[in-house]
Amino acid sequence: MATIKDVQPIRSKEDLDNMKWSLKRHCSERDYILFLLGINSGLRVGDLLELKVKQIRGKNEITVKEGKTKKVRKIHLKQIKEELEEYIRTLGDTEWLFPSRKGDRPITRIQAYRQLNKAADMADISTGIGTHTMRKTFGYWHYKQFHDVAKLQKILNHSHPAITLDYIGITAEEIEKDFDTFKL
């Protein structure tokens, strides 16, 4: 299993689309929705796996108490609500959003890791993929869209902006590239 340090965000839209396709085609709708929710919320996999259907059904946003930090975060679901609702309709009477086939419990982190790696292999994505890829991908694309490291640092509950930049894989080289086109 890859360590968190080895795991990378998915940095290309094409790879993101290929990963989504691969999860739907070669894994399951459950695994696709796990990935979709992970890359759109920035939640850690442990927090994702603890989600229950009743927390999500019909909601545009939810409040989650993070397992690691014990901090409360508001998660916006509006952008992916339609896909979430469609998926929830297929679940039957399970209480878990990501149910295991082995009884009344969610899938394990190891199972999530296996499914993500299976999809990455099928999508020919060779960068380090792990369960933390979802959170790092969220951070990477949030930063790329808004260029606000302070806000992202707060979302991810990091203690310093440098930690956030390192975490999402924004290197000094990438920062320098911005200056190639910067002019006032």
Side-chain angles (χ1 to χ4, degrees), residues 1-2 4 7-68 73-142 144-145 155-156 168:
M1 219 188 258
I4 289 175
V7 171
Q8 295 297 314
I10 297 174
R11 291 183 176 89
S12 95
K13 288 279 191 190
E14 183 183 354
D15 282 349
L16 262 179
D17 289 342
N18 288 343
M19 186 71 171
K20 289 176 188 177
W21 177 87
S22 183
L23 282 160
K24 274 187 152 185
R25 177 88 167 83
H26 298 292
C27 297
S28 70
E29 190 70 13
R30 177 198 67 198
D31 302 325
Y32 165 73
I33 293 295
L34 175 66
F35 182 75
L36 188 67
L37 188 54
I39 65 173
N40 282 283
S41 70
L43 285 173
R44 289 175 183 85
V45 72
D47 295 325
L48 289 167
L49 296 178
E50 290 298 314
L51 292 172
K52 295 186 175 178
V53 172
K54 67 182 178 188
Q55 287 175 269
I56 303 287
R57 184 181 280 135
K59 307 235 174 68
N60 285 326
E61 61 185 42
I62 60 170
T63 302
V64 174
K65 185 176 181 181
E66 293 182 327
K68 181 177 179 182
R73 263 194 60 206
K74 188 182 285 188
I75 305 298
H76 298 271
L77 304 173
K78 190 175 169 188
Q79 303 297 339
I80 58 172
K81 184 179 179 182
E82 196 174 301
E83 286 179 282
L84 281 169
E85 293 297 331
E86 206 172 290
Y87 165 69
I88 287 171
R89 282 192 285 277
T90 69
L91 289 179
D93 63 355
T94 181
E95 69 174 314
W96 299 104
L97 190 59
F98 304 108
S100 170
R101 293 187 192 102
K102 298 176 182 172
D104 184 29
R105 61 180 194 239
I107 63 170
T108 63
R109 290 169 192 235
I110 292 166
Q111 182 62 15
Y113 174 85
R114 284 184 190 131
Q115 294 304 93
L116 290 171
N117 272 277
K118 177 180 172 182
D121 286 345
M122 296 293 193
D124 216 19
I125 298 171
S126 57
T127 56
I129 298 290
T131 54
H132 237 61
T133 295
M134 297 180 289
R135 183 170 159 86
K136 287 185 174 197
T137 298
F138 164 84
Y140 178 83
W141 287 100
H142 191 282
K144 285 296 201 185
Q145 186 169 344
I155 291 168
L156 296 176
I168 62 174

Exercise. NZ/Lys81 to CD1/Ile56 distance, rounded to the nearest 0.5 angstrom?
Worked result: 11.0 Å
For this session: Check whether any side-chain N or O of Ser12 sits under 3.5 Å from a backbone N or O of Asp15 as a donor-acceptor pair, and report yes or no.
Result: yes
For this session: Please indicate whether Asn60 has more than 12 foreign heavy atoms, meaning atoms of other residues, nucleotides or ligands, lying under 6.0 Å from its CG.
Result: yes
For this session: Taking the side chain as every heavy atom from C-beta outward, state whether Leu116 and Met19 have any atom pair closer than 4.5 Å.
Result: yes
Exercise. Between Lys13 and Trp141, is NZ or CZ placed under 6.0 angstrom from the six-membered ring centre and within 45° of the ring axis?
Worked result: yes
Exercise. Do any N or O atoms from the side chain of Thr137 and from the backbone of Ile10 form a donor-acceptor pair under 3.5 angstrom?
Worked result: yes
Problem set entry | Heavy-atom side-chain proximity of Ile88 to Leu97 below 4.5 angstrom | yes
For this session: With the side chain counted from C-beta on, respond yes when Asp124 and Asn18 share a heavy-atom pair under 4.5 Å apart, and no when they do not.
Result: no
Problem set entry | Charged tip of Arg30 within 45° of Tyr87 ring normal and under 6.0 Å | no
Exercise. Is atom CD of Glu82 surrounded by more than 12 heavy atoms (other residues, nucleotides or ligands) closer than 6.0 Å?
Worked result: no
Exercise. Looking only at heavy atoms, what is the nearest atom pair of Phe138 and Gly38, with distance?
Worked result: CB-O, 4.1 Å
For this session: Report the distance from atom CG of Leu23 to atom OG of Ser28, rounding to the nearest 0.5 Å.
Result: 8.0 Å
Problem set entry | Asn117 (side chain) donor-acceptor with Ile129 (main chain) under 3.5 angstrom | yes
Problem set entry | Check: His26 main-chain N/O paired with Lys118 side-chain donor or acceptor under 3.5 Å | yes
Problem set entry | Minimal non-hydrogen separation, Gly67 against Asp47, with atom names | N-OD1, 2.8 Å
For this session: Could you pull out the closest heavy-atom pair between Leu36 and Lys20, with the gap in Å?
Result: CD1-CE, 4.2 Å
Exercise. Are side-chain heavy atoms of Glu29 and Lys24 found at a separation under 4.5 Å?
Worked result: yes
For this session: Indicate the atoms forming the closest heavy-atom contact of Arg73 with Arg135, along with that distance.
Result: NH1-NH1, 4.2 Å
Exercise. If every non-hydrogen atom of Leu91 is compared with every non-hydrogen atom of Trp96, which pair is closest and at what distance?
Worked result: CD1-O, 4.0 Å
For this session: Look at the side chain of Gln8 and the backbone N and O of Thr133, then say whether any donor-acceptor pair between them is shorter than 3.5 Å.
Result: no
Problem set entry | Nearest-0.5 Å distance, CZ of residue Arg101 to OG1 of residue Thr94 | 12.5 Å
For this session: Take Leu34 and Leu49 through the test side-chain contact (heavy atoms from CB on, under 4.5 Å) and record every step on the way to the result.
Result: CA-CA 8 Å; Leu34 175 66; Leu49 296 178; 4.1 Å; yes
Exercise. Counting only N and O atoms by type, is there a donor-acceptor contact under 3.5 Å from the side chain of Lys102 to the main-chain atoms of Ile107?
Worked result: no
Exercise. Given side chains that start at C-beta, do those of Ile75 and Asn40 come closer than 4.5 Å, heavy atoms only?
Worked result: no
For this session: Find the distance between CD (Gln115) and OG1 (Thr131) and round it off to the nearest 0.5 Å.
Result: 13.0 Å
Exercise. Roughly how far apart are Thr127 OG1 and Lys136 NZ, rounded to 0.5 Å?
Worked result: 10.5 Å
Problem set entry | Criterion side-chain contact (heavy atoms from CB on, under 4.5 Å) on Val53 and Glu95, from CA distance to verdict | CA-CA 6 Å; Val53 172; Glu95 69 174 314; over 6 Å; no
Seminar exercise, completed: The reported gap from CD1 in Ile80 to CD in Glu85 (rounded to nearest 0.5 angstrom) is 10.5 Å
For this session: State, with a plain yes or no, whether a side-chain heavy atom of Leu51 is found less than 4.5 Å away from one of Val64.
Result: yes
Exercise. Do you know which two heavy atoms are closest between Phe35 and Leu16, and how far apart they sit?
Worked result: CZ-CD2, 3.9 Å
Exercise. Would you say the side chain of Ser41 lies within less than 4.5 Å of the side chain of Leu48, judging by non-hydrogen atoms?
Worked result: yes
Exercise. Okay, side chain of Arg57, backbone of Lys52: is any donor-acceptor separation there less than 3.5 Å?
Worked result: no
For this session: May I ask you to say whether Glu66 pairs ionically with Arg44, meaning some side-chain N is under 4.0 Å from a carboxylate O?
Result: yes
